[in-house]
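Keep in mind that the numbers below use all heavy atoms, side chains included, and drop hydrogens, waters and symmetry copies. Keep in mind that this is a model prediction, so the values were computed, not measured.
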Amino acid sequence: MGCDGGTIPKRHELVKGPKKVEKVDKNAELAAKWKYCALSQEKLRRPVVACELGRLYNKDAVIEYLLDKSAERPNVEIAAHIRGIKDVKELNLTDNPAWEGDRRNAKGDCYEDMHCAMFICPVVGLEMNGKHKFCYLQTCGCVFSERALREVKTEICHKCGDPFRDEDIVVLNGSKEEQEQLQNTMEERRAKAKAGKKSKKNKGLETVSKPVESKAPSESTSTPVNGESSSGDSAPGPSGSSKTVKPAAAVGSKRSIQDMEGKSEAYKSIFTSHSSAKRSKDQISNWVTHTPYHF
């Protein structure tokens, strides 16, 4: 069974004990959340968007996912709550002047600081590397550290000046409890929006279904005197105006231009119904000609 050459095995080599729980490297976990897209696992690059749960994505990855949801991807369940491009907000990030990217360590012979981030807080200057909490505003998309929002309390954005409320603040890459709270807030917001759309739709249907109320003019009929009835004129009502109703036959009938009294003879001669436009039998051409008006 081995052990040749006088080797003595130890107990832990022969008896298998319980497996040790593998601990995840915190630096690697923070780098995966703050430096890589949650959907495509690629490095974050502008434009960067965030969902209502505070996860970071590349905008092109989200658009590809929305265009073809049937494609196989490693983290499809992470973006299951994203229904459209309106469910994500493009972030207004502030670049870190100390960030050099991959240019500095292109050969791999230099020390790479894992805590150096691409973006920083524009107010306090903290790096967005996961060691400090960061938030973004749903109104404008500007990103700040939680310390900046806590120390400088205001209802106007520090960067662009747009007003915001406490409900518009979303924590980026928060804990499980914070993500559950954001999940409940998102569901409540969507339920309210859906109920508002239904109420607007019902109001629109009610306005369409209501018939248009037509107000009939008030007319007073005179009593017949000496057996004669007044069928022509009628006295005006309280409004002081009387309307005459045209018969349907008169409305639908067409009048000839030649019968109009207000038109001049020169104007009437333009049309083919005028007597000058009518030709006699001598003026009508033979059937062989191209057009009967040619003579």
Side-chain angles (χ1 to χ4, degrees), residues 24 26-94 117-122 126-150 157-160 162 164-197:
V24 180
K26 292 184 178 180
N27 293 332
E29 186 179 4
L30 293 176
K33 286 184 178 180
W34 294 92
K35 293 184 179 181
Y36 292 88
C37 173
L39 181 61
S40 62
Q41 299 299 320
E42 297 178 355
K43 285 188 176 183
L44 288 176
R45 58 182 180 275
R46 290 180 181 273
V48 180
V49 297
C51 64
E52 294 175 302
L53 301 182
R55 295 168 184 159
L56 300 176
Y57 309 89
N58 288 328
K59 190 173 183 179
D60 54 354
V62 176
I63 293 174
E64 290 177 2
Y65 164 74
L66 294 175
L67 291 175
D68 187 11
K69 293 185 178 181
S70 61
E72 295 182 1
R73 293 181 178 85
N75 296 328
V76 180
E77 64 277 359
I78 291 179
H81 62 283
I82 300 177
R83 304 167 300 178
I85 198 65
K86 292 183 179 180
D87 292 337
V88 295
K89 184 69 177 180
E90 186 173 347
L91 301 181
N92 187 8
L93 298 164
T94 305
M118 297 171 59
F119 312 107
I120 60 172
C121 174
L126 296 176
E127 294 185 355
M128 200 173 72
N129 52 12
K131 287 192 172 183
H132 309 279
K133 282 188 177 181
F134 273 74
C135 311
Y136 82 93
L137 306 179
Q138 287 186 335
T139 54
C140 57
C142 296
V143 180
F144 304 97
S145 62
E146 189 183 25
R147 182 187 300 181
L149 295 176
R150 185 176 62 252
C157 178
H158 301 297
K159 193 171 183 180
C160 63
D162 291 344
F164 68 92
R165 299 176 297 176
D166 294 338
E167 294 81 6
D168 299 329
I169 301 174
V170 179
V171 181
L172 293 173
N173 290 328
S175 59
K176 291 183 179 180
E177 292 79 11
E178 291 174 341
Q179 287 190 359
E180 289 178 359
Q181 186 178 0
L182 291 174
Q183 179 79 19
N184 297 333
T185 306
M186 179 186 68
E187 292 176 356
E188 291 177 1
R189 189 187 299 111
R190 291 183 178 180
K192 288 181 181 179
K194 191 174 182 180
K197 288 182 180 179

Where is the tightest heavy-atom contact between [X] and [Y], given as atom of each residue plus distance?
X: Cys140; Y: Asp162; value: CB-OD2, 3.7 Å
X: Lys159; Y: Leu93; value: NZ-O, 3.4 Å
X: Cys135; Y: Ile169; value: CB-CG2, 3.7 Å
X: Ile82; Y: Leu66; value: O-CD2, 3.9 Å
X: Asn75; Y: Gln41; value: ND2-NE2, 2.5 Å
X: Leu44; Y: Val48; value: CD2-CG1, 4.3 Å

In the structure I gave you, are the side-chain heavy atoms of [X] and [Y] within less than 4.5 Å of one another anywhere?
X: Asp87; Y: Met186; value: no
X: Leu56; Y: Leu91; value: yes
X: Arg46; Y: Phe119; value: yes
X: Lys33; Y: Leu172; value: no
X: Tyr57; Y: Tyr65; value: no
X: Phe144; Y: Pro122; value: yes
X: Ile63; Y: Ile85; value: yes
X: Thr139; Y: Cys157; value: no

Problem - Glu64 and Arg73 ion-paired at < 4.0 Å - result: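 Looking at Arg73 together with Glu64, the answer is no, because their closest N to O distance does not fall below 4.0 Å.
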Could you state the interatomic distance from [atom1] ([X]) to [atom2] ([Y]), rounded to the nearest 0.5 Å?
X: Met118; Y: Lys35; atom1: CE; atom2: NZ; answer: 9.5 Å
X: Cys142; Y: Asn92; atom1: SG; atom2: CG; answer: 4.0 Å
X: Cys37; Y: Asp60; atom1: SG; atom2: CG; answer: 8.0 Å
X: Ser175; Y: Glu180; atom1: OG; atom2: CD; answer: 8.5 Å
X: Tyr36; Y: Arg45; atom1: OH; atom2: CZ; answer: 12.5 Å
X: Met128; Y: Asn173; atom1: CE; atom2: CG; answer: 8.5 Å

Atom [atom1] of [X] with >12 non-hydrogen neighbours under 6.0 angstrom:
X: Arg150; atom1: CZ; answer: yes
X: Phe164; atom1: CZ; answer: yes
X: Lys131; atom1: NZ; answer: no
X: Glu187; atom1: CD; answer: yes

Practice task
Might you work through the salt bridge (Lys or Arg N to Asp or Glu O under 4.0 Å) test for Arg189 and Glu167, ending with a clear yes or no?
Solution key: CA-CA 10 Å; Arg189 189 187 299 111; Glu167 294 81 6; over 6 Å; no
Exercise for the section: Answer yes or no: is there a donor N or O on one side and an acceptor on the other, between the side chain of Asp168 and the main chain of Arg165, under 3.5 Å? Expected result: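 Checking the backbone N and O of Arg165 against the side chain of Asp168, a donor-acceptor pair under 3.5 Å is found.
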Practice task
State whether the side chain of Asn129 and the backbone N or O of Leu30 hold a donor-acceptor pair below 3.5 Å, judged by distance alone.
Solution key: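 Checking the backbone N and O of Leu30 against the side chain of Asn129, no donor-acceptor pair under 3.5 Å is found.
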Practice task
Give me the one residue out of Lys89, Arg190, His81, Gln183 that meets side-chain hydrogen bond (donor to acceptor under 3.5 Å, both in side chains) with Glu52.
Solution key: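 By the side-chain hydrogen bond (donor to acceptor under 3.5 Å, both in side chains) criterion, Glu52 pairs with just one of Lys89, Arg190, His81, Gln183: Arg190.
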